[in-house]
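Read through the structure below, which is laid out as structure tokens, and then see the notes.
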Amino acid sequence: MSGLTDQLWERFGRLRVEQVPSDVTIVASQCILDWFGCALAGSREPLSRILCEELAADVGACSVIGTDRRADPARAALINGAAGHALDFDDSSAVMLGHPSAPVLPAVLAAAEQDRRSGADALTAYIAGVEVQSRIGMAIGDEHYAKGWHTTSTVGVLGAAAAVGWLLGLDAEQFGAAMGIAASNSSGLKANFGTMTKPLHAGQAAERGLLAARLASRGYTASGEAVDGSQGLARAAGCGELDHDRIEEWWNGWATTQALFKYHAACHCTHAGIEAMTSLLDNGVDRDEVERVTLTVNPAILDMCGIHEPVTGLEAKFSLRGTQALVLAGIDTAAVATFDDGPINRPEVQALLPRVAIATDDTVDDLATLVEVVSPSGVHRAAHDVSRPAIDLVAQGEQLRAKFDALAVPVIGDTAAADLAERLSDLTLIADVGDLLALSR
């Protein structure tokens, strides 16, 4: 294996749950709760219905979340992975430059359900996968994402392979093969942001990562240098030399704790602007008197959220101007239904779009936004940054439980949602992951 792959195996290939600090376990459990809520609500999206019609069945080893359908593990990972990312409401990470749970957890759940593994095993595998993909994301660096690759998919497939590999007990050689197989299945383009294909990326990463680990467990061969070798993924994707210093900085830490949670049902890069505008409105700016709004962001953000004239709900999720118009119109951006096609096409919302201008400044952090509002009462400014993980994990847990209830209850009802949330609060007490998934069907 390469030096990086070997290091990842040594640190996480045989990780034990008792080695994981309590704060890491808490955040991981919060990520899993959040993902279940997003996947349940996402199971009602048209893209999930289409995938179910194409891939699900009435029999199979694994649950298709939010439905009474079943599928084989690979297809379940794909469908559930796409559902979990369908709303773009799931967790993200500035360390990985992507969505950590979206590709890893669906693969873990499918493999664990098939083999009737415990909640403790699923939790440990999930953490191992997130840690592996985060370090690979660090090593590959920002240029990969800047060139147009969707890291959630391109790096997430490696996290999914590592997580399922942990469940399968891969040895060092098999782990290297799983990474090699997954690296050759790395794909996903930012050009598809704002369409059904963005969530498909997460599903495909889960499916292909699971397959990579299963093939490796059977003796399938691949190069252990396919991630960072001279002809490996990192260099093939145009990133040049790996950033080993960045990994070294994090080597003894836990990237899982860097999860960032969303409280608006849109791309994370729109959230700082939403929060800044909301603070201005809460502090006396009259939305009916706003003449002009200027958002100043890092220019790289326009690659994700630069849709200028959104006309669909999916496009609105990836539009700085669209989300600002929704806030100015008094429409709740935390509500999933806000990003159906209707709200963005309301006459009052479309009338607000021309009032919103976008400026760029490369000194502004990627997840920060400066908002300036011009109204008859003067010029009003606010800034916000959503790049920092929460310090108060108890408060974060309460926020995430409220979000989970809002997403899950309409799909599975009060009783099942409460039971599922309670069981997810301590996965080490779960004897069979299938019991969790039964509540989500």
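Position 1 is the first residue of the sequence, and the numbers go up from there. The basis for the numbers below is simple: all heavy atoms, side chains too, and nothing from hydrogens, waters or symmetry mates.
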Any donor-acceptor N/O pair, Gln174 side chain to Asp171 backbone, under 3.5 Å: yes
dist Cys267:SG -> Lys198:NZ (nearest 0.5 Å) comes out at 6.0 Å
Please check if the number of heavy atoms outside Gln19 that lie under 6.0 Å from its CD is greater than 12. yes
Minimum heavy-atom separation for Ala205 to Ala160, with atom names? O-CB, 3.7 Å
Ser48 OG to His85 NE2 distance, which is reported to the nearest 0.5 Å: 12.0 Å
Return the orientation label for the His99 and His150 ring planes: parallel under 30°, perpendicular over 60°, tilted otherwise. perpendicular
Looking only at atom types and distance, does a side-chain atom of Asp365 sit under 3.5 Å from a main-chain N or O of Leu367, one as donor and one as acceptor? no
With respect to Asp88, which candidate in His264, Lys317, Lys262 satisfies the side-chain hydrogen bond (donor to acceptor under 3.5 Å, both in side chains) definition? Lys262
Is there a side-chain contact between Trp166 and Val108 (heavy atoms, below 4.5 Å)? no
Heavy-atom donor-acceptor pair, Ser29 side chain to Thr25 backbone, under 3.5 Å: yes
Are the side chains of Glu113 and Ser63 in contact, using a 4.5 Å heavy-atom criterion? yes
What pair of heavy atoms forms the shortest contact from Gly224 to Thr5, and how long is it? O-OG1, 3.4 Å
Is it true that a side-chain atom of Asp115 and a backbone atom of Arg117 form a donor plus acceptor pair closer than 3.5 Å? no
Shortest non-hydrogen contact from Cys38 toward Leu407: N-CD1, 3.8 Å
For Ile181, is there any backbone N or O sitting under 3.5 Å from a side-chain donor or acceptor partner on Ser184? no
Looking only at heavy atoms, what is the nearest atom pair of Thr152 and Ala102, with distance? CG2-CB, 4.2 Å
Given the rule in the side-chain contact (heavy atoms from CB on, under 4.5 Å) test, do Gln350 and Ile344 qualify, once you have shown the distances and angles that lead to the verdict? CA-CA 7 Å; Gln350 288 293 315; Ile344 193 63; 4.1 Å; yes
Working to the nearest 0.5 angstrom, can you tell me the gap between Ile26 CD1 and Leu393 CG? 5.5 Å
With a 3.5 Å distance limit and no angle check, can you tell me whether Asn80 reaches the backbone of Val64 through a side-chain donor-acceptor pair? no
Can you check whether Ile65 reaches Trp35 side chain to side chain, under 4.5 Å on heavy atoms? yes
Report the relative orientation of the aromatic rings in His144 and Trp149; use parallel for angles under 30°, tilted for 30 to 60°, perpendicular for over 60°. parallel
With a 4.5 Å heavy-atom cut-off, do Asn185 and Leu211 have their side chains touching? no
Hey, is the main chain of His308 close enough, under 3.5 Å, to the side chain of Arg321 for a donor-acceptor pair? yes
Evaluate the ring planes of Phe318 and Phe193, with Trp represented by its six-membered ring, and classify them as parallel (under 30°), tilted (30 to 60°) or perpendicular (over 60°). tilted
Roughly how far apart are Ile140 CD1 and Thr154 OG1, rounded to 0.5 Å? 6.0 Å
Any salt bridge linking Arg69 with Asp58? Criterion: basic side-chain nitrogen under 4.0 Å from a carboxylate oxygen. yes
Is there a side-chain contact (heavy atoms from CB on, under 4.5 Å) between Phe36 and Leu437 once you walk through the steps? CA-CA 10 Å; Phe36 264 95; Leu437 287 157; 4.1 Å; yes
Side-chain heavy-atom pair Pro343, Leu326 within 4.5 angstrom cut-off: yes
Would you say Leu420 and Ile412 make side-chain contact, with heavy atoms under 4.5 Å? yes
Distance-only, no hydrogens or angles: does the Asn345 side chain make a donor-acceptor pair with backbone N or O of Val311 under 3.5 Å? yes
Any side-chain heavy atom of Leu233 sitting closer than 4.5 Å to one from Leu158? yes
Quick check on Glu18: does its CD atom have over 12 non-hydrogen neighbours (other residues, nucleotides or ligands) under 6.0 Å away? yes
Pick from Leu33, Asp121, Leu123: which one makes a side-chain contact (heavy atoms from CB on, under 4.5 Å) with Leu427? Leu123
Are Ser101 and Asp91 close enough that a side-chain donor and a side-chain acceptor fall under 3.5 Å? yes
Please check this pair: side chain of Glu225 against backbone of Gly232, looking for a donor-acceptor N/O pair closer than 3.5 Å. no
Residues Thr270 and Cys305: closest non-hydrogen pair is CG2-SG, 3.7 Å
Side-chain donor or acceptor of Ser134 paired with backbone N/O of Val130 under 3.5 Å: yes
Counting neighbours of OH on Tyr220 that are heavy atoms of other residues, nucleotides or ligands and sit closer than 6.0 Å, is the number greater than 12? no
Going by distance alone, is a donor N or O of one side chain under 3.5 Å from an acceptor N or O of the other, for Ser187 and Gln204? no
Taken to the nearest 0.5 Å, the spacing of Ile79 CD1 from Cys52 SG works out to 4.5 Å
Work out which heavy atom in Lys190 is nearest to a heavy atom in Asp303; give both atom names and the distance. NZ-CB, 3.8 Å
When rounded to the nearest 0.5 angstrom, what is the spacing between CG in Asp419 and CZ in Arg423? 4.5 Å
Working note: Ile127 + Val17, criterion side-chain contact (heavy atoms from CB on, under 4.5 Å); need CA distance, chi angles, decisive distance, verdict. CA-CA 9 Å; Ile127 292 170; Val17 70; over 6 Å; no
Please indicate whether Gln231 has more than 12 foreign heavy atoms, meaning atoms of other residues, nucleotides or ligands, lying under 6.0 Å from its CD. no
Non-hydrogen side-chain atoms of Ile301 and Asp366 separated by less than 4.5 Å: yes
Between Phe12 and Thr124, is a side-chain contact (heavy atoms from CB on, under 4.5 Å) present by the stated rule, with each step listed? CA-CA 10 Å; Phe12 302 109; Thr124 311; over 6 Å; no
